[in-house]
Each structure stands twice: as structure tokens, then as C-alpha cells.
Protein chains: 2
Amino acid sequence: MPDIMGRHRAILNEAHCQTCSLSSLCLPLALELEHMDQFDSIIRRRAPLKKGEPLFRQGDVFTSVFAVRSGSLKQVTTEGNGSDQLTNFYLPSELVGLDGINEATYPGSIIALETTTVCEIPFDRLDLLSEQLPELRGQLYRSMSKELREDRRMMRLLSRKTADQRLASFLITLSERFRRRGYSPYSFRLSMSRADIGNYLGLAVETVSRILSRFQSQKVVAVSGREVNVLDMPALIALSEEEEQELNSP
Amino acid sequence: MPDIMGRHRAILNEAHCQTCSLSSLCLPLALELEHMDQFDSIIRRRAPLKKGEPLFRQGDVFTSVFAVRSGSLKQVTTEGNGSDQLTNFYLPSELVGLDGINEATYPGSIIALETTTVCEIPFDRLDLLSEQLPELRGQLYRSMSKELREDRRMMRLLSRKTADQRLASFLITLSERFRRRGYSPYSFRLSMSRADIGNYLGLAVETVSRILSRFQSQKVVAVSGREVNVLDMPALIALSEEEEQELNSP
DNA sequence: CGCTGAATTGAGTCAGTTCAATAAGGGTGG
DNA sequence: CCACCCTTATTGAACTGACTCAATTCAGCG
């Protein structure tokens with residue numbers, strides 16, 4: 001029993017911003033140590049989510065944003081008629097739930113793609129703290145602004161790019177995100193299914209599968225199930241950009 | 001000369017939040033009168049933009065966000081290779097430039113679609129004021145969050161919807177935005193070209209033109225150049241939703 | 001070790017594009 | 001005010017990238 005308690009305490013201890021390996025990427029990145037204590041004190045720990053478990057569901061009352069500690073999640077929005085749209089993947093250090101601030105409920109469900117831990121940040125506390133800490137406020141504005149930018153890139157991808165370009169862009173973006181988090185940009189594991197990738201990129205599963213096979217036969221990547229090895233990054237970048245179409249320039 | 005000065009002063013006078021007809025939709029919507037004075041004092045007036053004139057260009061240093069007073073604008077992002085993507089239209093009371101906070105430069109150019117006036121809100125001043133005024137801060141968070149939501153809807157449109165559904169959704173969204181601003185939701189003028197619409201919706205100009213013609217022959221709308229009359233709103237709504245496709249649900 | 005969902009591969013179809021040609025606006029200068 | 005030019009819009013015909021349908025194969029898991 002003391003053993004279990006000890007381990008439990010240890011887990012809670014390592015779940016502090018001051019000792020978190022993600023602190024240089026996460027929301028409190030710009031904070032002084034003393035301010036980080038303040039920030040840390042408003043955070044609520046959460047039991048790890050299992051694969052497939054929701055962090056919250058579409059329509060739940062908005063109370064908090066969440067920072068991903070480990071694992072990954074997907075955001076899924078269900079339309080009236082029951083068809084789903086996967087609008088985002090979230091990796092460690094990224095902030096989940098920012099699009100819920102506006103309407104008091106979350107606009108999509110967030111589902112764990114693997115065993116995943118998150119830090120819960122109650123938004124009213126965060127807002128109050130951001131009043132006192134300009135650095136934190138700035139970081140929050142920047143996080144939202146960054147997501148706006150990424151959305152614009154995604155719109156471009158969806159409205160202009162071919163299936164090949166979409167897959168290549170997707171792999172490059174993932175690779176870059178892993179790199180920034182200290183993992184290999186050349187060798188990683190996809191936590192999402194082909195169906196998820198297709199849904200996210202606006203492609204049929206079959207198309208995703210076919211194109212990954214072709215990339216493999218072109219020696220650009222080696223794919224085995226969900227393991228990906230990028231063999232020729234320059235070629236992949238070229239694939240993501242090639243033959244831009246000129247769809248009525250404004 | 002006194003005449004001109006007089007008129008000039010009159011223009012400046014009417015450009016105050018307290019007397020602005022948009023105040024119930026705009027950023028200071030939640031502010032008490034005395035706080036609105038404070039907000040009003042940080043705003044910089046701008047000479048009206050002529051059609052085609054840029055408010056700022058992609059890559060310009062980020063300094064301010066802008067509230068549209070009258071007219072309309074488009075956001076255009078140019079990729080390395082010179083192809084453009086139209087990522088947004090802005091109508092009166094909407095906030096322009098929020099996606100520039102993150103990286104110190106604006107990620108796209110903002111171009112007037114017609115004669116357009118805006119209020120410039122220097123972001124450093126806005127940030128400081130938002131420290132003192134929780135209502136203002138909340139409104140700023142909500143504005144950004146709302147834009148995130150709208151981006152998600154746009155992604156859905158681009159990855160799931162047919163050309164017909166896209167056009168119908170576009171017209172409905174415009175109609176709704178006009179309605180909220182006190183204009184007729186059934187009769188309005190498009191300030192953007194067919195090419196702009198196509199670029200925004202990820203369609204060829206020809207497709208936009210063809211579908212508008214078909215909607216017209218179906219008596220759903222009457223289109224004459226840039227004048228639009230919605231004849232059958234329920235039908236238009238049905239067109240925007242019909243026959244949802246089931247692209248690999250997550 | 002067998003079962004069930006996930007992934008791959010093939011064949012045929014179609015929505016929306018491209019290419020092309022014509023018509024309609026909308027400024028501008030005489 | 002009108003004629004001209006150039007941009008914008010419409011319409012037609014042919015083509016194609018990605019989808020759907022279908023049939024295996026593979027992988028993870030109880």
C-alpha cells in the first residue's frame with residue numbers, strides 16, 4: 001500500500017510544469033519560474049486515457065483547455081446527418097479545446113488514438129491568471145493565432161492539392177512535429193488509421209493506401225503497417241509541392 | 001476651407017465606437033460606456049481603401065488588428081510558386097489580422113473588394129487594455145475561437161461537399177451574415193468576382209458560373225451579374241446539405 | 001488459432017477540370 | 001455620350017483524378 005501511494009505520488013510529481021520535458025514547447029514556455037508555479041497550481045491532472053476513449057464529446061460544456069502530455073488525439077466533428085469529419089490531430093505540448101471558448105460547448109469530440117495523458121487547464125482560472133501574466137496572455141494569443149495559420153494551410157491543402165501532394169504534406173508535417181519534440185523526423189509510428197488519415201485529408205481510404213504504396217515503390221518512404229521511414233526527404237518535399245495548379249488567381 | 005475641415009471633423013466624429021452602428025457586433029460589444037471610451041481612444045482611423053487596394057500585404061510586420069467599418073475585403077495567401085489562395089472574406093464588424101499575432105508578420109494580404117473603411121487597433125495597446133478589461137479580453141478570445149470554428153466548417157466544406165453544396169453553403173453563409181448586420185438576407189450584392197468565389201471554394205470559375213446558372217434555372221436564386229436574389233431559401237438549405245457522403249467515418 | 005476489422009489492390013465510373021470559344025460588362029478617353 | 005478595349009462571365013465538349021464497388025490479404029487480439 002505505501003508502495004502504491006509512493007508510486008502515485010511520484011507520478012503526480014513528475015506531472016509538474018517545472019520538470020516537464022515539454023515545457024519549452026507548451027503554454028507556460030515564456031514564464032519565469034515563480035510564475036510557472038502559479039500556472040502549475042491551476043492545472044488539474046487526469047488519469048490516462050485509453051485508446052479510443054474520449055477526452056470530451058462534441059456538445060459538452062466548455063470548461064477547460066487541455067495540454068497533451070503524451071500520446072495523441074484526434075478531433076472529430078459529427079454533422080446532423082451522422083457523417084464525421086476529422087479536423088485535427090494533437091501531439092504532445094499542443095493545446096486542445098481552444099475552439100470551444102466561443103460558444104460555451106466544444107464543437108467536436110476529442111478521442112485518444114493511443115494511451116494518452118493530458119493536463120487540464122480550467123479556462124476561467126487560465127483567463128484570470130493571464131490577466132496578471134502578460135507573457136502567459138501573449139502565449140495564449142499566439143497559440144490561437146498559430147492554429148488559425150495552420151487552418152489556413154489546411155484549407156489550401158484541401159482546395160488546391162492533389163492526393164499525392166496531400167499525403168506528402170501530411171507526412172512532412174508529422175515528421176516536422178516529431179523533430180521539434182526531439183524524436184526522429186525520419187522514423188516514426190502513425191497513431192492513426194488509414195481511414196483517419198483519409199478522412200482528415202479529404203481522401204478515400206483506398207486512395208491513401210494506393211499512394212502510400214506508390215511512394216514506397218518510388219523509394220521515397222518505407223511503410224510497414226503504421227511504421228513509417230522517410231527514405232528521401234527532398235523527394236517527399238518535391239512531391240508535396242510539384243506542379244502547382246493555377247486555379248483562378250485573385 | 002473651414003467647410004472641408006468641418007466635414008472632416010464630422011467624419012472623424014461618426015467614427016467612434018459609441019456612435020457606431022456596428023458596436024453590438026464588434027469587439028467592444030461587451031464593454032460599459034466608460035470602458036468603451038478607453039477602447040475608442042486606442043483606435044486609429046484610416047482613410048478609406050479603394051477597390052483593389054491592400055490594407056496590408058503578406059509578410060508585412062504585424063502591428064495591428066483591424067475592424068471592418070464598411071465595405072469588404074479578401075485575404076489572399078501567395079505560395080512560393082506564385083499561386084494564390086483566397087482564405088477569407090471580411091464584412092463589417094469582423095476582425096482582420098488575428099492570424100498575424102503568432103509570427104510577427106501577416107500570413108496573407110488583405111485586399112479591398114470595394115471602397116472600404118476600417119478601424120486600426122494597435123495590438124500592443126489592445127493587449128494592455130485587455131489586461132484591465134476582462135470583458136474585452138473575453139471578447140478577443142471569443143473572436144479568435146469563433147474564427148477557429150469557422151475554419152473547421154470551411155475544412156469540412158472543402159473536404160466533403162460537392163460543388164453544388166459548396167455554392168449553396170456559400171450563399172447561405174453570406175445571407176446570414178447580411179441578415180445579422182441588418183441587411184436583407186434575400187437580396188444582396190456580391191462584392192467578389194466569380195474567380196474569387198471559385199478560388200475560395202476550391203472550384204474552377206467555370207464550375208461556379210455553371211452552378212449559379214443551374215440554381216437560377218431551378219428557381220432557387222435569381223442572379224444577375226453580382227446581384228443575388230434568394231427565391232427559395234429552404235431549397236437552398238436543402239441543396240447545401242443533401243446526399244451527404246460517408247467518407248470513412250472515424 | 002481462428003476471427004474480425006484494417007489494409008491493399010483492381011476495375012469501372014463520374015464530378016469537376018481543362019481547353020476553347022463566345023458574350024457581356026465596365027471603365028476610359030475622345 | 002459613345003466607341004473601344006480589356007477584363008469578367010457564360011456555355012460547350014472532352015478528359016481525368018479520385019471515388020465507388022468488389023475481392024483478397026493482412027494483422028491484431030481474444
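Each chain gets a letter, A, B and so on, in the order the sequences are listed, and its residues count up from 1. These figures come from a predicted structure and were not determined experimentally.
Where the helix from dC1(C)-dG30(D) to dG30(C)-dC1(D) starts and where it ends, the local axes point in directions that differ by 50°; five pairs per end, rounded to 10°.
Between D99(B) and K146(A), none of the side-chain N atoms (NZ, or NE/NH1/NH2) sits under 4.0 Å from a carboxylate O, so this pair counts as no salt bridge. Between D232(B) and K219(B) no salt bridge is recorded (no basic side-chain N to carboxylate O distance below 4.0 Å). The existence of a salt bridge linking R177(B) and E94(B) is confirmed by a sub-4.0 Å separation between a basic side-chain nitrogen and an acidic carboxylate oxygen. The pair E79(A)-R156(B) counts as a salt bridge, with a side-chain nitrogen and a carboxylate oxygen less than 4.0 angstrom apart. Taking a cutoff of 4.0 Å between a charged side-chain nitrogen and a carboxylate oxygen, K51(B) and E114(B) do not qualify as a salt bridge.
In this structure, L158(B) atom CG and dG16(C) atom P are separated by 13 Å, rounded to whole Å. For the pair E206(B) CD and dA24(C) C1', the interatomic distance rounds to 16 Å; values are reported in whole Å. With rounding to whole Å, E114(B) atom CD is found 16 Å from dG26(C) atom C1'. The distance between atom CZ of R160(A) and atom P of dT17(C), rounded to the nearest whole Å, is 10 Å. Nucleotide dT8(C) holds its P atom 11 Å from the CG atom of L167(A), rounded to whole Å. Atom CG in D196(A) sits about 13 Å away from atom C1' in dA7(C), given to the nearest Å. When rounded to the nearest whole Å, the span between CG of L212(B) and C1' of dG16(C) equals 15 Å. Rounded to an integer number of Å, the gap from N199(B) CG to dT17(C) P is 12 Å.
Using a 4.5 Å cut-off on side-chain heavy atoms (C-beta onward), F170(A) and F89(A) make contact. Residues L190(A) and L174(A) have side chains in contact (heavy-atom distance under 4.5 Å, counting atoms from C-beta outward).
Residue-environment remark: CZ (R226(B)) exceeds the threshold of 12 foreign heavy atoms within 6.0 Å.
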Distances under 3.5 Å between protein N/O atoms and the N/O atoms of nucleotides 13-18 of chain D, please, pair by pair.
from    : atom 1 : to      : atom 2 : distance (Å)
dA18(D) : OP1    : A163(A) : N      : 2.7

Strictly under 3.5 Å: I want the nitrogen or oxygen pairs between protein and nucleotides 6-8 of chain D, one per line.
none

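Separation of atoms OG1 (T173(B)) and CD (E150(B)) is listed at 8.5 Å; rounding is to 0.5 Å. A distance of 9.0 Å separates OG1 in T115(A) from CD in E53(A), rounded to the nearest 0.5 Å.
Using cut-offs of 30° and 60° on the angle between ring planes, the pair Y106(B) and F66(B) is tilted.
The side chain of S209(B) places an N or O atom within less than 4.0 Å of a non-bridging phosphate oxygen (OP1 or OP2) of dT10(D).
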